[in-house]
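To find a chain, count down the sequence lines: A is the first, B the second, and so on, and within it residues start at 1. When reading the values below, keep in mind they use all heavy atoms of this one structure, side chains included, and skip hydrogens, waters and symmetry mates.
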There are 2 protein chains.
Amino acid sequence: MQNPNVSVDCVVFGFDKEKLNLLLIEQKLADKRKVQYALPGDLILEEEGLDQAASRVLKEISGLSGIYLKQFEAFGDPHRVKDIKDLEFLQSYRENPQARVITIGYLALVKMEDFAPEASSFAEKVFWQDIEELPSLAFDHDHIVECALEKLRHDFIREKTGFELLPERFTLGQVQRLYETILGKKLDKRNFRKKILKEELVTATNQKQKGVLHKPARLYELSDLKNGHNP
Amino acid sequence: MQNPNVSVDCVVFGFDKEKLNLLLIEQKLADKRKVQYALPGDLILEEEGLDQAASRVLKEISGLSGIYLKQFEAFGDPHRVKDIKDLEFLQSYRENPQARVITIGYLALVKMEDFAPEASSFAEKVFWQDIEELPSLAFDHDHIVECALEKLRHDFIREKTGFELLPERFTLGQVQRLYETILGKKLDKRNFRKKILKEELVTATNQKQKGVLHKPARLYELSDLKNGHNP
DNA sequence: TCAAAAGTGTTAAAAGTACACCCATGA
DNA sequence: TCATGGGTGTACTTTTAACACTTTTGA
């Protein structure tokens, strides 16, 4: 049974070696000529925890599972539903379409290639969207995404996290590009390398890249240390 | 009209020049021989935002207003209500005593002397309690308080906040004791002074303490800078 | 004259920042 | 032979951490 007043919304960022993308759904609307984009999210069930709800909802809507979602903020503006389109959508899919809903925002960051979303439930489509080119979203989802991005960058800087976005073996250049993508700014190559090697989160292997049209880079892997305590 | 599923709980820390205290209520129970302590908190109203609800609830229960409350986390374990006493309490004060409630935690830090709480609503008493000697609390409030403390310390370290806890004019020793109280550890006097003076958040006055039984300290006040953009 | 907190500098280590050239590869 | 990203070191600045003695007051 659904709780009519509390939902979760999942802000799932995907990294594809170059850009940050956001997982969005296209809502199924009665009038097929209209389109509306939104975050994957839905009401929680009476008997589940919030974290659990976030995982379930994400899976039901997009097919994605095994993603570590972290709660980041609750949104409870009484007028979160801003648009006539939002109301139409709610009328199709909610027992109490006019009930006030407080939503709990969840955040994740994944390797895009590992997750191929497939639409189901009330999602017509599910897809990755470059965050530089986001469309306007339903409800207050624009605002939720903004808050999530801020939180992501803030956390990224101080936790030594994010290596799970890289392939099993990776070059330091790839790591640097990951950091640059997420933080949205350029970093100095030599200083970056010095720092990351000192932290000993990565270990050099004897392998090198092949088939690249430049000097092949040494491949690294996660140190055992770091491999141990990922969330 | 109350929303049966969403509440706010306020974790209000008070600083009294020496110790950190927590604002607690003693719940009114039908059986007067039983006592139960809890955070000030209640269901939100259908037409109010979350921040608004937190302020209202705190005021209704404790009489305190004008406190800057910041959301820090949502708690939604389906079995948050752990105790028979909790149920008794809910039966007295809630229309749907068995409804599942998700609560949004709010955090504040104030100068204790500025706020003299007065119990009303379902609070028998409201009082400041030294956080070193907290009793066990109702629902999952122990857990909420733990999370709040962690958040408080984390934020305190990096935002240059907390000066609002000091008197209008204060000594650097007082500032240091404030930091030590909140962070829960000793700091080096010389390094602390160097740092705080460099940041230029405080300005020396020509006044000195009087009537103290040691060398009187110079008094400082907030710089105009800092006075401007407090939340 | 004593107790109690105020006040004050130096040094060493660590961390951060800026910066420019050669290298190995496949096309 | 060229375009491309890989790879490397040094000098400077800033930040942090450790540490001990003298001063002023009221009791």
With no angle test and no hydrogens, is the base of C:dA6 tied to the side chain of B:Arg193 by a donor-acceptor pair under 3.5 Å?
-> no

Between atom CG in A:Leu197 and atom P in D:dG7, what is the gap in whole Å?
-> 10 Å

Starting at CZ of A:Arg190 and ending at C1' of C:dA18, how long is that distance when rounded to a whole Å?
-> 8 Å

A:Glu199 has an atom CD; how far is it from atom P of C:dA15, in whole Å?
-> 10 Å

B:Arg218 near the nucleic acid: base, sugar-phosphate alone, or nothing, with a heavy-atom cut-off under 4.0 Å?
-> sugar-phosphate

Grab the CG-C1' distance between B:Leu187 and D:dC19 for me, whole Å please.
-> 16 Å

Pick the nucleotide of DNA chain D nearest each of B:Pro216 and A:Thr171; which residue has the one closer to the 5' end?
-> A:Thr171

Nearest nucleotide by nearest heavy atom, which residue falls closer to the 5' end of DNA chain C, B:Asp188 or B:Arg177?
-> B:Arg177

If you take atom types as modelled and just measure distance, does the side chain of B:Lys189 reach the base of C:dA6 with a donor-acceptor pair under 3.5 Å?
-> yes

Rounded distance in Å - CD (A:Gln209) to P (C:dA24) = 15 Å

For the pair made of CG in B:Asn191 and C1' in D:dT15, what is the distance, rounded to whole Å?
-> 11 Å

C:dT25 C1' sits how many Å from A:Leu213 CG, rounded?
-> 8 Å

State plainly whether the residues A:Lys186 and A:Glu180 are in salt-bridge range, i.e. N to O under 4.0 Å.
-> yes

Check if the side chain of A:Lys194 and the base of C:dT17 share a donor-acceptor pair of N or O atoms closer than 3.5 Å.
-> yes

Base, sugar-phosphate, or nothing for A:Lys198, non-hydrogen atoms under 4.0 angstrom?
-> sugar-phosphate

A:Leu165 to A:Val110 - nearest heavy-atom pair and separation | CD2-C, 3.2 Å

Do NZ/NE/NH1/NH2 and the carboxylate oxygens of A:Lys111 and A:Asp114 come within less than 4.0 Å?
-> yes

Atom pair distance, as rounded to whole Å: NZ in B:Lys215 and C1' in C:dG7 | 5 Å

Counting only distance, no hydrogens or angles, is the base of C:dT17 paired donor-acceptor with the side chain of A:Lys186 under 3.5 Å?
-> no

Between B:Lys195 and B:Glu199, does at least one N-O distance fall below 4.0 Å, as a salt bridge requires?
-> no

Across the strands shown, which category fits A:Lys210 at heavy-atom distances under 4.0 angstrom: base, sugar-phosphate, nothing?
-> nothing

Salt-bridge contact B:Glu132-B:Lys19 (side-chain N to carboxylate O under 4.0 Å) = no

